[in-house]
Amino acid sequence: MTDFQPRSDFLRILEERGFIHQCSDFAGLDALAAKGEAVGYIGFDATAPSLHAGSLVQIMLLHWLQQTGNKAIALMGGGTTMVGDPSGRDESRKMLTPGDIEANKAGIRQVFSKFLTFGTGGRDAVMLDNAEWLLKLNWIEMLRDVGRHFSVNRMLSMDSVRLRLERDQEMSFIEFNYMVLQSYDFAHMAKTVGCNLQMGGSDQWGNIVNGVDLGRRMGTHQLYALTTPLLTTASGAKMGKTAQGAVWLNADMLSPYDYWQYWRNAEDADVSKFLRKFTVLPISEIIRLEALQGAEINEAKIVLATEATTLLHGRAAAESAAETARKTFQEGALAADLPSVDVAASEVEAGLGLLSAFVKAGIVPSTGEARRQIKSGGLRLNDAVVSDERAMLGAEAFNADGVAKLSMGKKKHVLLRLT
RNA sequence: GGGGGAAUGUCCCGAGCGGCAAAGGGGGCGGACUGUAAAUCCGCUGGCUAAGCCUUCGCAGGUUCGAGUCCUGCUUCCCCCA
């Protein structure tokens, strides 16, 4: 960033927390935000019933926009989803039915409501869906009103296009048009809801600036662009993705405990970055935590996990996850809200192999994997290493409450409950 | 429309004279060391009622005692020519 000194709370907070990569006009946007007149949006795909941690940066951006007295718009890409976002070269981008998209939007809305206050008042956040206007577009009108403002020469020179062409990679016409649609969204919302700011990841810069341009050509008020640095973890992984899958934000897709664990397991090098972006702790407190060295960083990680989980799932759920983790990892005790799976008492009496029990608990996918883990000493029953793959799970393994703890490695624990 | 090439372990990349549960990476999982971190080292990485059996190399047939490998047809993708 430049040496620009923001006056607005909005830009000041974004800057000190490391959210800013590029902005089309710092001074202009700053003046707007200082008056509480910024109306900013970010677009989100409606391809899944929940967002994942990879979208958190953008969500926090909207959060701060609203917290600093401005208006936030979460735009669902219901229309662009019908087309399929081509920028990822992922194979299966099936067309979603309108029903799917509606269901996904409902799920995503739940997440947003944790970070934003929705409503109809001036400062309330709103959720829009570009299907509302994109699906009605007429090809000829579109060409005449919007298409004439786009220079193909310029589109070809944009990074997103140029790099593909240079590498001789195929780019479909639909993909080429994506930026037109996105620009149109921006200009359309400028006219209809007074939107004047679009934010997004740094890879969106070209598309956003195109929207700013289109607005000017179509005679809207001045539009602004703001992008965030692309976030990866210290080891280069995409934010929000683990080998097990995405870090979902909806509680029914990823439990608060697992969400807490995701942050607790952050690499040292990521802790500072995460504290600034994914918690709302005062900067002074963050600076104190950043100063911790060596094993003390674990304290910072616990604060990170608890604060990040609080934002999404509430203080109670976060504290409970922290307590479960403390019992499990520090005391080795049996904490009640570890993930649990029920087994019928009759099944145990009939003779349940330990291997099958581990499969049943969902710890390993097959008995073969269970055998392998036993060979390398990875499986434990009530904290005792399992060495006999023929062992049975007897009634004596369950404590007075009818609970037995099955573990693999240091971090994976599941409780079996007799029913 | 004509010509050429490709598809392998259900995460990815990739080797594979007719004897193959199939080399090697990456990733992942477990172990050791640590701090629920990183780095490093070691092991594992089709399924099952497990010294045995079953199912895998794009799909469907065929040749053969035996096919990922040879033959025929099909599907999909890529390249060149028109």
Side-chain angles (χ1 to χ4, degrees), chain A residues 88-94 164 167-172 232-238 241-247 255-275 289-306 308-309 318 321-333 335 338-339 347 350-381 383-393 405-414:
Chain A
R89 63 250 109 178
D90 295 280
E91 49 339 299
S92 62
R93 56 183 79 106
K94 25 188 161 200
R164 297 282 288 275
R167 282 190 223 129
D168 253 351
Q169 282 173 336
E170 184 70 18
M171 177 176 231
S172 70
T232 54
T233 67
S235 45
K238 259 191 179 169
K241 299 261 170 122
T242 67
Q244 286 75 39
V247 180
S255 71
Y257 174 74
D258 287 327
Y259 189 73
W260 192 93
Q261 284 295 330
Y262 173 72
W263 297 106
R264 175 63 181 83
N265 286 311
E267 295 175 37
D268 288 5
D270 286 326
V271 172
S272 158
K273 190 164 62 184
F274 288 178
L275 279 169
L289 293 168
E290 285 169 349
L292 296 174
Q293 293 298 317
E296 290 186 329
I297 289 177
N298 284 322
E299 188 204 328
K301 289 184 186 178
I302 291 169
V303 174
L304 166 66
T306 303
T309 305
E323 178 59 14
T324 297
R326 196 186 61 76
K327 275 190 186 156
T328 307
F329 286 94
Q330 281 167 36
E331 297 174 9
L338 282 173
E347 202 175 343
L352 179 62
L354 200 47
L355 294 177
S356 311
F358 273 95
V359 174
K360 197 171 177 55
I363 289 180
V364 289
S366 66
T367 57
E369 176 64 16
R371 282 171 215 269
R372 273 178 234 123
Q373 289 296 347
I374 286 175
K375 274 186 200 135
S376 51
L379 295 188
R380 276 163 295 133
L381 168 63
D383 297 315
V385 174
V386 177
S387 54
D388 177 12
E389 57 181 50
R390 288 166 196 269
M392 304 299 284
L393 182 67
K405 183 164 86 168
L406 304 187
S407 316
M408 177 169 86
K410 283 177 227 163
K411 298 180 186 174
K412 198 156 189 171
H413 307 279
V414 174

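Below, chain A is the first sequence line, B the second, and so on; all start at residue 1. Here the structure is a predicted model, which is why all the values come from computation and not from measurement. For the numbers below, each heavy atom of this structure counts, side chains included, while hydrogens, waters and symmetry mates do not.
Comparing B:rG28 with B:rG35, their P atoms sit 23 Å apart, to the nearest whole Å. Atom P of B:rU64 sits at a distance of 16 Å from the matching atom of B:rC71, rounded to the whole Å. With P as the reference atom, B:rA67 and B:rC59 are 16 Å apart, rounded to whole Å. Annotation: B:rU10 and B:rC57 have their C1' atoms spaced 12 Å apart (nearest Å). Straight-line distance between the C1' atoms of B:rG31 and B:rU75: roughly 46 Å, to the nearest whole Å. Nucleotides B:rG30 and B:rA37, compared at atom P, are 11 Å apart to the nearest Å. Here, B:rC13 and B:rA6 have their C1' atoms 15 Å apart, quoted to the whole Å. Taking atom C1' in both B:rG5 and B:rG58, the straight-line distance is 15 Å, to the nearest Å.
Set against B:rA37, B:rC29, B:rU36, the side chain of A:K301 has B:rA37 as its closest nucleotide.
Checked against side-chain contact (heavy atoms from CB on, under 4.5 Å), A:A370 has the following partners two or more places apart in sequence or in another chain: A:L355, A:V364, A:L379. In terms of the salt bridge (Lys or Arg N to Asp or Glu O under 4.0 Å) criterion, residue partners of A:R326 (sequence neighbours excluded) are, by chain and number, A:E323, A:E331.
Applying the Watson-Crick and G-U wobble criteria (two distances, each under 3.5 Å), B:rG73 pairs with B:rC59. Nucleotide B:rU40 forms a pair with B:rA32, judged by Watson-Crick or G-U wobble geometry with both contacts under 3.5 Å. For B:rU10, there is no paired base (Watson-Crick or G-U wobble, both distances below 3.5 Å).
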Distances for protein N/O vs nucleotides 39-41 of chain B N/O pairs under 3.5 angstrom?
none

Pairs: protein N or O with nucleotides 45-52 of chain B N or O, under 3.5 Å:
residue, atom, partner, partner atom, Å
B:rG47, OP1, A:S366, OG, 2.9
B:rG47, OP2, A:R372, NH2, 2.4
B:rC48, OP1, A:T367, N, 3.1
B:rC48, OP1, A:T367, OG1, 3.3
B:rC48, OP2, A:T367, OG1, 3.1
B:rC48, OP2, A:G368, N, 2.9
B:rU49, OP2, A:T367, OG1, 3.3
B:rA50, N7, A:R371, NH2, 3.1
B:rA50, N6, A:T367, OG1, 3.4
B:rA50, N6, A:R371, NE, 2.7
B:rA50, N1, A:R371, NE, 3.0

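Distance check, rounded to the nearest 0.5 Å: CD of A:E296 to CG of A:L289 gives 11.0 Å.
Nearest-nucleotide assignment on RNA chain B puts the 5′-proximal partner with A:G409, out of A:D268 and A:G409.
Within residues 323-330 of chain A, the residues that place at least one heavy atom under 4.0 Å from RNA chain B are, in residue-number order, A:A325, A:F329.
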Contacts under 3.5 angstrom, residues 297-306 of chain A side chains, donor-acceptor by atom type, not counting sequence neighbours:
residue, atom, partner, partner atom, Å
A:N298, OD1, A:R264, NH1, 3.4
A:N298, OD1, A:R264, NH2, 3.4
A:N298, ND2, A:A295, O, 3.3
A:E299, OE2, A:R288, NH2, 3.3
A:K301, NZ, A:A266, O, 2.9
A:K301, NZ, A:D268, OD1, 2.7
A:T306, OG1, A:W260, NE1, 3.0
A:T306, OG1, A:I302, O, 2.9

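Counting to the nearest Å, the P atom of B:rG31 and the CG atom of A:L379 are 9 Å from each other. What separates CD of A:E299 from C1' of B:rG35 is a distance of 13 Å, to the nearest Å.
For B:rC17, the O4'-C1' to base torsion is more than 90° from 0; the nucleotide is therefore anti.
At B:rA37, one or more side-chain N or O atoms of A:K411 fall inside 4.0 Å of OP1 or OP2 (strictly under the cut-off).
Counting non-hydrogen atoms under 4.0 angstrom, A:Q261 reaches a base of the nucleic acid. Within 4.0 Å (heavy atoms only), A:W263 reaches no atom of the nucleic acid at all.
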